[in-house]
Every structure is written in structure tokens, then in C-alpha cells.
Asks: 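My structure is below; once you've seen it, I'll send some questions.
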Amino acid sequence: MTTVEDAHALVHAPTRRVRILERPRATTGVWSWATTIDHKKIAIMYGTLALVFFLAGGVEALLIRLQLARPDGTVLTAARYNELFTMHGTTMVFLVGMPIAAAFGNYLIPLMIGARDVAFPRLNMLGFWIFALGGTFLYSSFLLGGAPNGGWFGYAPLTSTPLSAGYLPGRGPDYWSVGLIMLGIGSVATAVNFLVTTINLRAPGMTMMRLPVFVWMMLVVAFLTLFAMPPVTAALIMVFMDRNFHTNFFNAAAGGDPLMYQHLFWIFGHPEVYILILPGMGIVSEILPVFSRKPLFGYAIVVFSGIAIGFLGWGVWAHHMFVSGLGPVATSAFGLSTMLIAIPTGVKIFNWLGTVWGGAVRLTTAMLCALGFIAQFTIGGLSGVMHSIVPSDTQQTDTYFVVAHFHYVLFGGLIFAIFGGFFYWWPKVFGYSLNEAMGKACFWLLVIGFNLTFFPMHFLGFEGQPRRTYTYPAGMGWDFLNMLATIGAFVIAAAVTVFLVDVVFSYVRREPAPADPWDARTLEWSTSSPPPEYNFAEIPVVSHRDELWHRKYTEDDEGRLVRLPSGAAVDVEEQAHAPAEPHGIHMPSPSYWPLVLALGFPIMGYGFVFKNWWVLAAGIVVGFFGLSGWGIEPPTEPDETAHEEAHS
Amino acid sequence: MLDRTHRLRRAALVAAAGLAVVVLASCGERTGPDNEQNALRPAGPDARKILDLTQPFFWIAVVIGAFVLFGTIYVAVRFRARPGDDEAPKQVHGNTILEVGWTIVPALILAVMAVPTVATIFDLAKDPTDPNTLRVTVTARQWWWQFHYDDASNIETANELHIPAGTPVVLTLQGPPPCSGENCYDNGVIHSFWVPELGGKKDVVPGRSHFLRLEADEPGTYLGQCAEYCGLAHADMRVRVVAHTPAEFRAWQQRQQEPLRPAVAAKFDEYNQQYGCLACHSAEPTKPGAAGPNLTHLGDRIGLAADKYRLTFDNLWKWVWDAPGRKPTGEFGQRMPSFKDRMTQDQAKEIACFLLTETATQPTTHPECPS
């Protein structure tokens, strides 16, 4: 083969170009991962790295809880504490919540809609590498000049006042604003990709109202991301300019407006909350029907509620600003819009319960996590509604009550959904299941630890303890509940440890999983575990919502489930392992260029942070080099297909 | 099999009862620690209005939360598949009546919530009609509170707000005066004034002037602290409100208006010449300090360093000697410097004695100090 190619090259000498970073050839090892454009491999990288950042954010949380275990804590200095709570929030939102959704979305969207990859595989790769390098850039601040210390929300003028005033020492706020702009670019790239993929690459017959709910929720998330990132990017640029170039966007003394920052931040920040939670809702909506052996109760209204949340999410941002002095008319309006958004959220919860009602429930770890999501997310939702009662909010906001509230939504909700998603899709992704006994231990530890940590915080908030404080005095009556919360945090750490042990243990055992281990409903389970690079030997033709289910079962006149007779039913295993057509599938080829382009971003970032224009110029050159190479290189290697066609 | 169901049900019941006890025990009227900073123990009409509005909705939330929590446990236990149970569940795809129902019922509950909510928002934004209303301008500094009484007394003080009980108080919240000059950016950051037992919180935003109402029913002490993250010493930016009977309040105001006795003022000047205290602070009752709290009648106060410490001899001399070692204030900007290298501990103790015993309006003695 090689000799033939060589001979071919000699004959057609003019087509042989001298190329830098020629098409990567590695199919195993580090370089095969670094240059992959396969949505499944990218998803695994997203998930792994997000998990690493989850552990980093978790360690930060443990240090915070150690400091607050007792009054007048001396574990951390005030400066270090401020860095840790800022990085905990920034990490969990931008380096865990969003990338983990990108992991699930990347893996599942193409498989669920019957596609071979995402619409723009190289853009996908770029999104991942910006996240990886941007996250590393943010964390490098601990060693190079000081970590961000202005809070994950980074309110101006605290973050925007020039260093000379000494409000926030170190380079932290610069790392924060530049790093978040960078991560935003990656998020928008991924959002565009998910949008186009979902709208354009659906298999024949996969109409919008047949889409799995997870895909619907990711579609809403992609829209939200696309429109939420620009305002915050503008705000971050202004913060950076104010701090470093003495512009006065947020300097009231020079006619700037500090509240403008809050509007720009929260018109991103509130949709961001839904960007984080909707994927969790999507995961839960996939798990509950499978383990209840019933279809989702009220598919249409669940989907519609998700869309409604997406739209209403744009009209509630000022509920983060009820005490910022907006005046009674504005606070009333945003109080009412916040109440309104509770309605579609409540609808979803009741529909999930309706799904389980009357089912044949299998309490697997995934199902337990989904049920945990419903109960705990509801508590977070209800405390959220309490914030819409504006006068109540003037007592609750910026206290531990709010900390309790959003951890019930994002930990009790999202993180539980993610753990459920891990246990549910692990066999599909890796070809072997996670150990269920350890999974259940992990779940129960997580439930106990989570509630022990965050339930007491509701009371701490009412009893007057504000957030973001590195210490509190003795004699305030907060000691006991704070100690409980710290103990709870370590129980959470134990739960996460059990999960990691489970991952290692299951990897060592690696008992092969069938294509459809859970008797599931959606298309990803119709291909082998793990799926081949091209996902489906043949693109499926879809005739039902829950397509796979309808290939296995039908309903009798009374709506009871009937397994199709063996002649009519599709043998999932056989179909999953059907050989691919020999020449029909052209998968895009791996590339170095998106990685090169992504590499330019942190270099530019250091240039901005240290105001070193040579480094900045170097970053621009690297990025432009990557962009040019990307532009010249064809998405699919033409030679290979040309050969195949020539020989066929 | 039955045995297991039984046990599960009993466990669920015990859990339900336990949760109910915890919730009931912790949410009744005037509950939680008596820490003078507890929103569940309102001590004035504004704070009470807020809690009265919160409570019914809190209970509605508890009921709905319990319903969903036990609903989740119930469906999981009741409908779990038993081994050998082959009967396939009925495939229900939805139920329009139910779905419309659980859309409308929450909407109605929320509509009911909305009415008193909006009414209370406007109510709390009203300027009190009481002609005796006390008006105070609060300036949030990095990291302490400056108070100016906007009445005839014109008093300047810091970190301790004295008010008459039973009288509405209107606070005008504002940032520090902007500095001037080419490279001057020290124009303050956002803080939030919050004394939970007397009312809700309100942000203090540079360049804006915000309105906040407070009122205490009874004389007493009410604590609070900055609630908007404002940098390094955010946790140490505390505030103390002291409510007096109206007569006592008038007496307090009168005492605070008095300038320092000539001998005391002269001694203050002496220290000033040595250490430059008055570059930032002030020793006149109605004059604000340029960057630090007014110290005129410091000896009368209860707290020190924005109420992080009690005003005791020990705390005070250590503060005078090395403030940055006692409260994280950073290295930049206008901060109380350390005098560790410029005075001995004995000198610091001497100054502490002076401030503690001689600046007080009713001179006191202290065992550590020469009388």
C-alpha cells in the first residue's frame, strides 16, 4: 500500500506540497486524542477535564469550610479566602458546569439524532481546547501573580478600579476578565455547533417533536449561550479597560455607572443559570422514562416548559439586584417575572413525577440520582420563589440563604443529574458499566453530605450571616450550623472518593456491556457500546419518538406494553454490530490547526495580563498561524477518498 | 416482600416526622439565636413587615416542598419493580387535564403572592410622614461606616448609629466623595448596609444616593454588617445600632455636639504633631475625618475597628500600635498604618488611655491607666 502511494506521489509530483503540521496520522496515544475531531473523544476529554476541575473546585470548597468550621478561623488569611471563594464559583460555573454539559451534549446529540458527528468537527475541537487552555490559564494565576479575588460575579468598581487604589491586590481580576472572555469564545463555538447539528443533521424522520428531551434542552442552552455571552464579554472588556487603561466605564466620579456592570453581568448571569440547569433537566428526562418503563409524561409540555424557561430567563436578571437601588417599579416588575418563571419549572417537576407514577421502577444509581434531582431541585426552586418576594429578598440576598438556594439548584440539581448521567451512559461511552453497589453508596453519601452541608445554610442566612465573609465572630449562635456544614462537606468529599474508586474498580474489571443494557428508548442505545467512530453503520430512519423503544415494543389497545414478536422486533445487538458499508462513510480527518489556534489564546491572555505587548503579539501570530492553516487544510483528506474511489 | 415495604414506609414516616420537627422547631415566631442580628427576630415595624410577608409564603413553600419530597419517595417505593413481576406498566403519555391543572394552580398561588409583595415593596419605599423622622447620611468607606446626622446637631460619627426608639429613621446611603486629580481612582466600591432586626438591606453605590428606612420598637442594641462583597476586610465591616428612649437620644446628641475640653484638645494636638493622626481622623464633633473615622468622643463608643473588636484598653492599644496586624486592610491606599516602628508599646498604651478615658463625654477611669 505504501509503495503504491509512493509511486503514485512520484508520478504526480506537482501535487506533493511541502507542508507544516501535515495531517496527523496517530490513531492511538496522546496525539490521537490531541488532534481528534471525533465528537465522542472530544466529549470524553471535556468530561475528564471537567471532573479534574470539579475536584479542584471541591478542594477549594473544603478549605473554605475548614476556615468557617469555627468562629474566628485561622486556617486561611482573608486574602487567600477571597481567592478561594472566587475561584470556587468561577470553577464550578465555567470549568465544571458548562464543560460537563458540553461533554454530554457532544457525546449524545449526534448519537441521539442519528448523525455521524457534529456539524463542525474542527470548531468542536477548538471549543474544547479553548476550554482546556483557558482553564489552565485561569489556574496558573495561583502561581503567576495572584488568583482572581473579586468574586465569580466580579462587581465593578471593585474589580475595575486600577490596581493603584489597592482595592484588589494582585493580577487576579485581570486573569479573571481575560480568562472568562477566552472561555466565552469556546462556549459560543460549541453553542453554534450544537445549534447547527441539531437543526441540520437529524436523521430522516427525526422531526423536532421526536427529538429526545435532552437534545431539546441542549438546543435551548445553545441559544441561551449564543446570546448571553456577548453582553458579559462587553462587560469584561470594560472591566479590563477600566483597571488597566484607566477608562472610566464604571467610575462614578468620572460619570461612569457601577450599576451598568450589574445589568450587563446579570443579563448574562441569569440565562447562565438556565444554561447550567437545563442540561441537568434533559438528563433527568432521559433517565426517568427508561427506569420507569414508561414514556415521559407530557413530552410536549415538558419541551415547551424548557423553551418557556429559555425565553423568560431573559426577563428576570434584575432579581439579582433587588437591593441595588432600582426603585419600587423595577423591583416589582422583576419580582413578578421571577414568579412567572416558577410556573414552567413546576410543570416539569410534576411531569417527572407523573412519568414515574404507575411505572415499573428500577432503582439503579442513575434512577436514584434522577429522583434526588427532583426532590432537591424543588427545594432550590422554592427558595428561589421566596426571592421573588422582593421585601423578603432584602433580608435574604447576599446571605447564606442564597448560598443554600443556589447549591440546592446546582448541586442538589445539576450535580446529581450529572452523576446520574455518568452511571446511565457510562456503559455506552466506555463499553463497561460502573459498579452499582458503589454507585448506590456514592449516591446516599452524596445525599447525606449535600443536605448536611447546605440545609443549615438556609437558617444561617436568616440568622444574619452574610456570604463571602472569611470569618465570623464567636457568640453569634452560628457555630453549630457552620460546623454541621463543614462535616457535610467532608461527607460529600467521601462520596466523590467512592465514585472515583468505582471508576477505577470498574475500569479494572471492564465487563463488556451490551449495546442496550438498560432496555432504553433512544437511538444512542441502538449502536454498539462504545459506538464505532462513524456511530451508525447505516443512518437510522426514524418513525417514532423513542425510536429504539418502538423497535422493541408496541402497546395493546389498553396502552399496556407488549414486546414485539421476535420476527418483527429488531435485534438490537445484531443491528448494533452490523458491518459498515465499505466505502460509503467519509469521516472528517483529524487536524492540528484548531489546537494551534487555541494555543494562541492563553499566550495573548498572558500578554494582556502582564501588559507585555511582545507576548501579546506572539499570541496573535500563533493564533493567526493556526487560523490560516485551518483555512487552507480541507476538512477531509482528499487523497484518501480519491484513492478509494480510484480503486473501487 | 411485604416486610420490606413496611420497613420502607416506616422509614419514610420517621423521616417525615423528623423533618417536620426540624422545620417547626426552627421557623416559629422570633426564633434562632438571640445574636442581635437575626432577621427572624424583627425588632421594628419595617423588619416585622418583611417577616410577616415572608412567613405565609415560607409555609406554602414548606408544604409544596414536602409534597414533592414525599411524592418522590412515594412513587419510587410504591411503583418499584419487584423481582418476578412481569406485568408491563400501562403506557401513559400524558394527561391534558392534569397538566393544565398543575400549570394553573401554581399560577394562582403566585398571583396571590404577588399582591402583598408589590404592596409591601411600595410601602417600604415610602418616605415616613412622621415629622420627628431622624435623617442620617451614611457613607460607606473602605471598610467602615461614616454617619452624619442631617439635623441641627450636625454630628459626625462612625460605626455606631445612635437612634431614638419608636421613631422612623431614614438613611441616605452614599459612596465616599470622589477624589480629584489626574491619577485618582479611589472612589469607593459597592457596599450594602444591613441591620437585619430593623429592616432589609440596601446597597451603597458610588455616585448614587439610596434610601433606606429603619425603625426600632424598643431601646437596645442591634447589629449588622456589610452585605456586599467589598474586598479584603468585607467580613470585618460591621455596624452597631444603639436605640435609646427619645429623651436619652436627645441627651446623647447633646453630649456628642460638645467639642473636646481644651486640655484634651491640646493633648490631641500634641499626639497629632507626633503621629499625624488628624491627617485622616478628626477631633471636632461636626467635622468629618478626611479618610478615617471621627475620633472626637471615641471614649463613648462600644466597638472598635468597625465593630470587629470591643473598645477595651487591650484592643485599643494594640490597634493604635499595629492596626494592619489586627484587621486585614492591605498595603495600598488610605489605611490605618502600623506604628510598630514609630512608637513603643508603652506609648501606644498611653494613647489608648488618653482616647479611652479623656475623650469620653463623661470622663472615666481605667485600672491600666494613670488617673
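Not measured: the values here are computed from a predicted model.
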Asks: Pick one of side chain, backbone, both or neither for B:Trp102, based on which atoms fall under 4.5 Å of a heavy atom in chain A.
Replies: both
Asks: Relative to chain A, which of B:Gly188, B:Gly224, B:Ala76, B:Gly231 shows the most heavy atom pairs under 4.5 Å?
Replies: B:Gly188
Asks: Do you know the tightest heavy-atom contact between A:Ser160 and A:Phe250?
Replies: OG-CB, 3.9 Å
Asks: With rounding to the nearest 0.5 Å, note down the distance linking CZ in A:Arg468 to SG in B:Cys230.
Replies: 11.0 Å
Asks: With only heavy atoms counted, which part of A:Thr378 is less than 4.5 Å from chain B, the side chain, the backbone, both or neither?
Replies: side chain
Asks: Counting heavy-atom pairs under 4.5 Å with chain A, which one of B:Pro106, B:Gly175, B:Pro206, B:Ala111 comes out on top?
Replies: B:Pro206
Asks: Given that the side chain runs from C-beta out, which part of A:Thr161 has a heavy atom under 4.5 Å from chain B: side chain, backbone, both or neither?
Replies: side chain
Asks: Non-hydrogen atoms of chain B under 4.5 Å away: do they reach the side chain of A:Ala300, the backbone, both or neither?
Replies: neither
Asks: Mind ranking A:Ala78, A:Gly477, A:Gly325, A:Ala253 by heavy-atom pairs under 4.5 Å with chain B and telling me who comes out on top?
Replies: A:Gly325
Asks: Quick one: what part of A:Leu158 sits under 4.5 Å from any heavy atom of chain B, side chain, backbone, both or neither?
Replies: both
Asks: So which of A:Val302, A:Thr331, A:Leu259, A:Thr355 has the largest heavy-atom pair count under 4.5 angstrom toward chain B?
Replies: A:Leu259
Asks: Name the region of B:Phe67, side chain, backbone, both or neither, that has any atom closer than 4.5 Å to a heavy atom of chain A.
Replies: side chain
Asks: Under a 4.5 Å heavy-atom cutoff, which of A:Ala252, A:Pro466, A:Ala375 has the most pairs with chain B?
Replies: A:Pro466
Asks: Tell me, for A:Ile389 versus chain B, whether the close heavy atoms (under 4.5 Å) come from the side chain, the backbone, both or neither.
Replies: both
Asks: Tell me whether the rings of A:Trp549 and A:Tyr553 are parallel (<30°), tilted (30 to 60°) or perpendicular (>60°).
Replies: tilted
Asks: As a quick check of understanding, evaluate side chain to side chain donor-acceptor pair (under 3.5 Å) for A:Ser388 and A:Thr338, giving each step before the final call.
Replies: CA-CA 6 Å; A:Ser388 72; A:Thr338 305; over 6 Å; no
Asks: Need one label for B:Ala114: side chain, backbone, both or neither, based on atoms under 4.5 Å from any heavy atom in chain A.
Replies: both
Asks: With a 4.5 angstrom heavy-atom cut-off, which part of A:Phe153 approaches chain B: side chain, backbone, both or neither?
Replies: side chain
Asks: Against chain B, label A:Gln376 side chain, backbone, both or neither, depending on which of its atoms sit under 4.5 Å from a heavy atom there.
Replies: neither
Asks: B:Leu232, B:Leu173, B:Thr120: which one forms the most heavy-atom pairs within less than 4.5 Å of chain A?
Replies: B:Leu232
Asks: So for A:Leu363, is it side chain, backbone, both, or neither that comes closer than 4.5 Å to the heavy atoms of chain B?
Replies: side chain
Asks: May I ask you to check whether A:Asn149 and A:Tyr81 show a side-chain donor-acceptor distance below 3.5 Å?
Replies: no
Asks: Would you mind checking which part of A:Phe85 comes under 4.5 Å of any heavy atom in chain B, side chain (CB onward), backbone (N, CA, C, O), both or neither?
Replies: side chain
Asks: Kindly say whether the aromatic ring centers of A:Phe455 and A:His458 come within a distance under 6.0 Å.
Replies: yes
Asks: What part of B:Lys49 is in contact with chain A, defined as an atom under 4.5 angstrom from a non-hydrogen atom: side chain, backbone, both or neither?
Replies: neither
Asks: Going by the angle between their ring planes, with limits at 30° and 60°, are A:Trp357 and B:Tyr74 parallel, tilted or perpendicular?
Replies: tilted
Asks: Counting only non-hydrogen atoms closer than 4.5 Å, does A:Gln262 touch chain B with its backbone (N, CA, C, O), its side chain (CB onward), both, or neither?
Replies: side chain
Asks: With a 4.5 angstrom heavy-atom cut-off, which part of B:Asp34 approaches chain A: side chain, backbone, both or neither?
Replies: neither
Asks: Determine whether B:Arg41 and B:Pro196 make a side-chain contact, defined as any pair of heavy atoms from C-beta on separated by less than 4.5 Å.
Replies: no
Asks: At a 4.5 Å cut-off on heavy atoms, which part of A:Pro295 comes close to chain B: side chain, backbone, both, or neither?
Replies: both
Asks: For chain A, which candidate among B:Pro328, B:Gly200, B:Pro89 shows the most heavy-atom pairs at distances under 4.5 Å?
Replies: B:Pro89
Asks: Nearest 0.5 angstrom please: A:Tyr155 OH to B:Glu228 CD, how far?
Replies: 5.5 Å
Asks: Which one wins on heavy-atom pair count under 4.5 Å against chain A: B:Cys226, B:Gly65, B:Gly199?
Replies: B:Gly199
Asks: Rounded to the nearest 0.5 Å, what's the gap from NZ on B:Lys202 to NE2 on B:His210? Could you check?
Replies: 6.5 Å
Asks: Given the options A:Gly354, A:Gly475, A:Gly255, A:Gly464, which has more heavy-atom pairs under 4.5 Å with chain B than any of the others?
Replies: A:Gly464
Asks: Between A:Ile379, A:Asn82, A:Asp556, A:Ile301, which has the largest tally of heavy atom pairs under 4.5 Å with chain B?
Replies: A:Asn82
Asks: Taking every non-hydrogen pair under 4.5 Å, which of B:Gly207, B:Ser192, B:Ala107, B:Pro116 racks up the most with chain A?
Replies: B:Ala107
Asks: Under 4.5 Å heavy-atom distance to chain A, tell me which part of B:Val205 shows up: side chain, backbone, both or neither.
Replies: side chain
Asks: Rounded at 0.5 Å granularity, tell me how far CG in A:Leu460 sits from CZ in A:Arg467.
Replies: 13.5 Å
Asks: May I ask you to decide if A:Gln67's main-chain N or O and A:Tyr470's side chain share a donor-acceptor pair within less than 3.5 Å?
Replies: no
Asks: Side chain of B:Asn38, backbone of B:Pro33: donor and acceptor closer than 3.5 Å?
Replies: yes
Asks: Using non-hydrogen atoms only, which part of A:Asp242 is less than 4.5 Å away from chain B: side chain, backbone, both, or neither?
Replies: neither
Asks: Within the supplied structure, the quantity of interest is the number of heavy atoms (other residues, nucleotides, ligands) at a distance under 6.0 Å from B:Leu108 CG; does it exceed 12?
Replies: yes
Asks: Step through it carefully: locate the ring centre of A:His387, locate the ring centre of A:Phe322, and say whether they are under 6.0 Å apart.
Replies: no
Asks: What part of B:Leu98 is in contact with chain A, defined as an atom under 4.5 angstrom from a non-hydrogen atom: side chain, backbone, both or neither?
Replies: side chain
Asks: Can you tell which part of A:Ile374 gets under 4.5 Å to a heavy atom of chain B, answering side chain, backbone, both or neither?
Replies: both
Asks: What distance do A:Met476 atom CE and B:Gln37 atom CD have between them, rounded to the nearest 0.5 Å?
Replies: 3.5 Å
Asks: Tell me which of these, A:Tyr299, A:Trp478, A:Tyr472, has more heavy-atom pairs under 4.5 Å with chain B than the rest.
Replies: A:Trp478
Asks: State whether B:Asp307 and B:Arg240 are salt-bridged, where the test is any N-O pair (Lys NZ or Arg NE/NH1/NH2 against Asp/Glu carboxylate O) under 4.0 Å.
Replies: yes
Asks: Just checking B:Arg208: does its CZ atom have more than 12 heavy atoms from other residues, nucleotides or ligands closer to it than 6.0 angstrom?
Replies: yes
Asks: When rounded to the nearest 0.5 angstrom, what is the spacing between OG1 in A:Thr469 and CG in A:Leu68?
Replies: 6.5 Å
Asks: Tell me, for A:Thr159 versus chain B, whether the close heavy atoms (under 4.5 Å) come from the side chain, the backbone, both or neither.
Replies: neither
Asks: If I measure from the heavy atoms of chain A, does B:Leu124 come under 4.5 Å with its side chain, its backbone, both, or neither?
Replies: side chain
